[in-house]
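Just so you know, ligand 1 is whichever comes first in the structure, and atom 1 is the first atom listed for that ligand. This chain uses plain numbering: 1 for the first residue, then up along the sequence.
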Amino acid sequence: MITSISGTQIEYYFFCKRQLWLFSHQLNREQESDIVMMGKVIHEESYEREKKEIRIGENLVLDFADVQAKVIHEVKKSNKMEKAHEWQLKYYLYCLREFGVDDFRGELNYPKLRKTVSVELTEADIQKLEEVIMDIGRINAGSAPEAVKKKPCLKCAYYEYCFC
Ligand code: SF4
């Protein structure tokens, strides 16, 4: 099932359904967020030499890939949303598999923390991702999910949309 869903939408699905909805409806405040900007700076400074963004289909952009080692990489600033990051990378592996490339694994890189997390795609993950893709379609077709305040909201680019 090749989809038009982006890796960011998968990440937001696992983090906050309202964030997913706002992003999907182009209410994109991310360019204005200092936190997001910091993430981009860390990414650019840490991986200048390896940096080779890779496109899969029309909607997916991988941070970089080591084709010889068969590893795709996703670079993140903090591991507070590690579960969401893992699913984003699993989704990229899922899409690669849909294009007939099924022998890659993923690596999450947290340069600020000097931490690396290896990510594999299992049969159970494939099933789960197919449910998630359907659920994202359902969420985006409805009205915006209610804002529920939690600690990470303070650092979210949509904070003002939700609580001001
Ligand atoms: S501020 Fe909180 S509730 Fe609103 S989109 Fe961000 S994470 Fe979700």
Check: What protein atoms of element N, O or S are positioned under 2.8 Å from atom 2 (Fe) of ligand 1?
Finding: C153 SG

Next item on the list: Determine whether the side chains of Q9 and Y91 contain a donor N or O and an acceptor N or O closer than 3.5 Å.
Entry: no

Note to self: Working to the nearest 0.5 angstrom, can you tell me the gap between Y12 OH and S6 OG?
What the structure shows: 8.5 Å

Notebook entry, point to check: Out of V119, L89, V101, which one pairs with I72 under the side chain to side chain contact (heavy atoms under 4.5 Å, CB included) rule?
Noted result: L89

Notebook entry, point to check: Any donor and acceptor pair, going by atom type alone, linking the side chain of K115 with main-chain N or O of N109 inside 3.5 Å?
Noted result: no

Check: Can you tell me how far CG of L129 sits from CH2 of W87, rounded to the nearest 0.5 angstrom?
Finding: 5.0 Å

Checklist line | Point-to-point distance, once rounded to the nearest 0.5 Å, from NZ of K17 to CG of D135 | finding: 7.0 Å

